[in-house]
Amino acid sequence: MGLFGKKKDQEQAKREPQKAERETKVYIQGAGGTIVTKSILDGTSRLKWMFRQESGHGNGWVAFGDTDSQEYVDDAKNMAIVDFNTLANIEPAVVNIFYMPVGSDLEFRADKTGKYFVDTRTGKEIREQVKHPAQLAFEKNLKFLNQETYPEVFFQGLFTESSKIKVVRAGEADFPTGEVVLADPIAYLGSKYETLLDKQIPAGSYPVELSVCLSRIAGPRIAAARLLVNSKQAVSYEIAMPRGKRIEELGKPGVFTFFGVDTGLACFADRKVSEKSRLFFESWAGENPGKNKYTDYFARLFQESYEANPEFQNQRGSFLEWKLPEDGFRTVMFSSGMGDGIYSGYWGLDEDGGIVCLTAVFMNPEYF
């Protein structure tokens, strides 16, 4: 290479930042666009103010620098829309406030105690990362679940359509014996970890309805599912106890009402159907060594369910009426609220104490 070529490369290297300098660290995936003054971007000012506004574009955050005058920020030429992560690479502390709500008005401070924000309205210091609203709702929901009972109005609200709740008929389940099982259909149906309930229902086939919560912060989620045993009105609800246990024993060591979910799915099933399901999949596993029950068997069926009924399901499918290939007995499977966890069923009773329905509760829609 000639001297002219070397000088040209040297000049180009001066003009172009190194690759490591050009790369932007991604703190938050899909963070969206943020309005930032160019003085912050070019380093002639330091971050001083941030507020979040209603916005049809981007995430609503706006950032001003410590030397920005009113005249400066009033000139649109001095503003730029950048990915929030671009701002975070200049001042990583902004990650802490990303999930704060519209209307937030904050001052950024840096002193000997560290870097933090102050709410200009309340004076509250924000030094830790604010959690996503869905995470806060999830934590609150955990404390709400598995109580001994809830008011009748709560159960009624779960299955009363509104702008936030949609009631979906997911299919019918067959109960040849009337012995009811609650379980994760992929992980525990037909195993010792399923929950066989104390009460029985008349042998027969019953519809399953889903309460779909159209959550603004978590998307469509199945808040509850219920097995409709008859058309009477439930006037009271009691927690469904496992076989051999009584409500009076609640709180004693080894007495649990809940069933476990480890694949994000739950189901109502008859005990006989559960056993036949176990036998079917033992045979299936022998014929399909190394294959996965969900990925290699159920995933396609859930996808077909979505394609047949796409409204209020995610694209991988949120519910399925599954028939045992040999006997044709049906079991209805459905997503369990925010996913894995422990959940309880509740018997809905009429004025004479007869069983009207069985409801599995996954979420309190008020939190979401």
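Keep in mind the model is a prediction, meaning the values are calculated, not measured.
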**OP:** Decide yes or no for L106 and W61: does some side-chain heavy atom of the first lie under 4.5 Å from some side-chain heavy atom of the second?
**Re:** yes
Original post:
Within a strict 4.5 Å, meaning less than it, do heavy atoms of the Y99 and L136 side chains meet?
Top reply: no
**OP:** Give a yes or no on this: more than 12 heavy atoms of other residues, nucleotides or ligands lie within 6.0 Å of atom CZ of R127.
**Re:** yes
Subject >> Other residues, nucleotides, ligands: >12 heavy atoms within 6.0 Å of K164 NZ >> reply: yes
Original post:
Does atom CZ of F98 have more than 12 heavy-atom neighbours from other groups under 6.0 Å away?
Top reply: yes
**OP:** Would you mind reporting whether C267 and V332 have side-chain heavy atoms less than 4.5 Å apart?
**Re:** no
Original post:
If we only count heavy atoms from C-beta on, is the S211 to F155 side-chain gap below 4.5 Å?
Top reply: no
Original post:
Does the ring centre of F117 sit less than 6.0 Å away from the ring centre of F108?
Top reply: yes
Original post:
Could D174 and R330 be called an ion pair, given the rule that one side-chain N must be under 4.0 Å from one carboxylate O?
Top reply: yes
Subject >> Check: N89 and Y27 side chains under 4.5 Å, non-hydrogen atoms >> reply: yes
Subject >> Validation row, ring centre F280 to ring centre F329 under 6.0 Å >> reply: no
**OP:** Could you tell me whether I81 atom CD1 has more than 12 heavy atoms of other residues or ligands within 6.0 Å of it?
**Re:** no
Original post:
How about F144: does its CZ atom have over 12 heavy atoms from other parts shown lying under 6.0 Å from it?
Top reply: yes
Donor-acceptor list for residues 304-311 side chains, cut-off 3.5 Å, not counting sequence neighbours:
| unit_1 | atom_1 | unit_2 | atom_2 | d |
| --- | --- | --- | --- | --- |
| E304 | OE2 | R300 | NH1 | 3.0 |
| S305 | OG | F319 | O | 2.6 |
| E307 | OE2 | Q303 | NE2 | 3.3 |

Original post:
Hey, are the side chains of T331 and S277 touching, using non-hydrogen atoms and a 4.5 Å cut-off?
Top reply: no
**OP:** Could you please spell out the steps behind the side-chain contact (heavy atoms from CB on, under 4.5 Å) verdict for D350 and V356?
**Re:** CA-CA 6 Å; D350 62 25; V356 173; 3.7 Å; yes
Original post:
Is the shortest heavy-atom distance from the side chain of I201 to the side chain of L227 under 4.5 Å?
Top reply: yes
Original post:
Taking the inter-plane angle between the rings of F259 and Y343 on a 0 to 90° scale, is it parallel (under 30°), tilted (30 to 60°) or perpendicular (over 60°)?
Top reply: tilted
Original post:
Got a second to check how far R221's CZ is from N314's CG, nearest 0.5 Å?
Top reply: 8.5 Å
Original post:
Does R226 make a cation-pi contact with F159, if we ask for NZ or CZ under 6.0 Å from the ring centre and within 45° of the axis?
Top reply: yes
Subject >> Beyond-backbone contact of R278 with E194, side-chain heavy atoms, under 4.5 angstrom >> reply: no
**OP:** Evaluate whether atom CD of E282 has more than 12 neighbouring non-hydrogen atoms of other residues, nucleotides or ligands under 6.0 angstrom away.
**Re:** yes
Original post:
Hey, does the Lys NZ or Arg CZ of K293 hover above the aromatic six-ring of F281, less than 6.0 Å from the centre and inside 45° of the axis?
Top reply: yes
Original post:
For Q315, does the CD atom have more than 12 heavy-atom neighbours from other residues, nucleotides or ligands under 6.0 Å away?
Top reply: no
Original post:
Crowded around E351 CD? As in, over 12 foreign heavy atoms under 6.0 Å?
Top reply: no
**OP:** Compute whether any side-chain donor of one residue and acceptor of the other, for N146 and T257, lie under 3.5 angstrom apart.
**Re:** no
